[in-house]
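Presented below is the structure to which this report refers.
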Amino acid sequence: MAKITYHTHDNKTHTVDVQKGLTVMEGAIQNDIPGIDADCGGGMACATCHVYVKEEWLDKLPAKEDGEEDMLDMAFEPKSNSRLSCQITVSDELDGLEVNIPSKQG
Amino acid sequence: MNKTDVLIIGAGPTGLFCAHQLGIIGLSCEIVDNLDKAGGQCIELYPDKPIYDIPAVPECTGEELTNNLLKQIKPFNVKFHLNERVEQLKKNESRWHIKTSGGVEFDVAAIVIAGGVGSFEPRKFPVKECEKFEGSSLLYSIKDKSIFKDKTISIFGGGDSALDWAIELSNTSKVNLIHRRDGFSGAEASVQKVKELNDQGKLNLFIKYQLDSVSGGKNIESVKIKHDEGEIKEIKSDYVLGFFGLIMQLGPILDWGLNIDKKTVQVNTENFETNVNGIFAIGDICSYPGKLKLILSGFHEGALAARGCFKYAKPDEKLRFEFTTTSKAAQERLGIKK
């Protein structure tokens, strides 16, 4: 288990335990955290699980695979700390990770 | 007015197989889809990606699955209405009247919503004031390129649509191409072409910029774009084009009085009817305890919903359960000659 904190757009903070091996997207869906749509179910085909990663965590994340940046072009208000949460697999190293969920996904 | 037994909304695998099941039990149907081709997410999101969990099909692509389903429903001559989105729904005694975005009208006994995660719509700019200009000087698709002649166009995006239109319109218009990063998702040859045109001064490429604001009176006059590092540039523009791909939206279905929970429509598991009699929902768009978003579940849901439609389409007849292997009626409907 790793603690992942999701800051939603309504200024609420949700800290939940996410099982290792699940993605940050799945952690949000399983815990009913609003603002992550994940329309394509983790296939890196829709950009509706877009999150902003807290700066100090950016370097610790698995590198972007081919295609993630292309999908982020489609995301709502992408920034330099944007990631697709379906592409971040939870591990011990990510215990304490914090992400912000954008105001909307599209 | 198109009169048929059932209107299927959505031409994805679930909708297509439901058409087959309706055909087998002797009901007619027509299919509406907002995309320009059948196949739904299988075609739009992953035509080349493999699928491994279609029963008895060890491996196939989204495109192969779609083509096989189209082949399977061929005997029923199902009429497709593509590039159409359902808009209005009206109950008329025991029948439903539906009108689409393009003005196509239907008179049906029952409706099957097989809309996936919604209809595919262009993604829009996050900037609020864009709405004011949408459809006139701010566009997400091009119908008539002649309106751009000798105008200044600002195109946003980094995929094939943005690159192709930037190249094409640079012949007759002054084109600015604005993209959020220095990589592009479009074809490499197009990227090279755009860079060449930029070097030759035939278009202006702005990299690491995004739209900050638009201003104008009735039409757009200029846009402000903002660099990653905060610098803001104002550029004159008669038109703004945004190419950010497609997103799925539930759209007008939301206003049909259906029980909706988290972008899905609640149904019973006996025949996948919604809380509104005569309206069924199958595939990714429906929810019930235990729902699995698999194509195979959509097939099962479609088979039962088709039978659920029967009592609305043929209220005076009783549906007989038959196997296609042995049923003469089903084989006749399939056009099988012995």
Give a yes or no on whether [X] atom [atom1] has more than 12 heavy-atom contacts from other residues, nucleotides or ligands under 6.0 Å away.
{"X": "Lys263(B)", "atom1": "NZ", "value": "yes"}
{"X": "Lys37(B)", "atom1": "NZ", "value": "yes"}
{"X": "Lys64(A)", "atom1": "NZ", "value": "yes"}
{"X": "Lys60(A)", "atom1": "NZ", "value": "yes"}
{"X": "Lys291(B)", "atom1": "NZ", "value": "yes"}
{"X": "Asp66(A)", "atom1": "CG", "value": "no"}
{"X": "Glu65(A)", "atom1": "CD", "value": "no"}
{"X": "His9(A)", "atom1": "NE2", "value": "no"}

What residue, out of Pro34(A), Gly41(A), Ala47(A), Gly43(A), has the most heavy-atom pairs lying under 4.5 Å from chain B?
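Top count of heavy-atom pairs under 4.5 Å with chain B: Ala47(A).
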
Pick from Gly67(A), Pro78(A), Ser80(A) with the largest number of heavy-atom pairs that fall under 4.5 Å of chain B:
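Among Gly67(A), Pro78(A), Ser80(A), the one with the most close pairs to chain B is Pro78(A).
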
Show, in sequence, the C-alpha distance, side-chain angles and deciding distance for Arg123(B) and Gln105(A), and conclude whether the side-chain contact (heavy atoms from CB on, under 4.5 Å) test is met.
CA-CA 10 Å; Arg123(B) 283 176 191 269; Gln105(A) 292 287 354; over 6 Å; no

Straight-line distance of Glu69(A) CD to Ser185(B) OG, nearest 0.5 Å
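Between atom CD of Glu69(A) and atom OG of Ser185(B) there are 10.0 Å.
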
Just verifying a value: how many Å separate Asp284(B) CG and Asp39(A) CG, rounded to the nearest 0.5 Å?
9.5 Å

So does Pro126(B) get a backbone contact from the side chain of Lys104(A), meaning a donor-acceptor N/O pair under 3.5 Å?
no

For Lys79(A), is it the side chain, the backbone, both, or neither that has a heavy atom closer than 4.5 Å to a heavy atom of chain B?
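The backbone, not the side chain.
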
Steps toward side-chain contact (heavy atoms from CB on, under 4.5 Å) verdict (Asp73(A), His179(B))
CA-CA 8 Å; Asp73(A) 283 347; His179(B) 184 43; 3.2 Å; yes

Any side-chain heavy-atom pair from Met74(A) and Ile247(B) closer than 4.5 angstrom?
no

Relative to chain A, which of Lys262(B), Glu44(B), Glu121(B), Lys293(B) shows the most heavy atom pairs under 4.5 Å?
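Answer, by heavy-atom pair count under 4.5 Å with chain A: Lys262(B).
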
Tell me which of these, Arg181(B), Met248(B), Gln210(B), has more heavy-atom pairs under 4.5 Å with chain A than the rest.
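Heavy-atom pair counts peak at Arg181(B).
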
For Lys208(B), which atoms come within 4.5 Å of any heavy atom of chain A: side chain, backbone, both, or neither?
neither

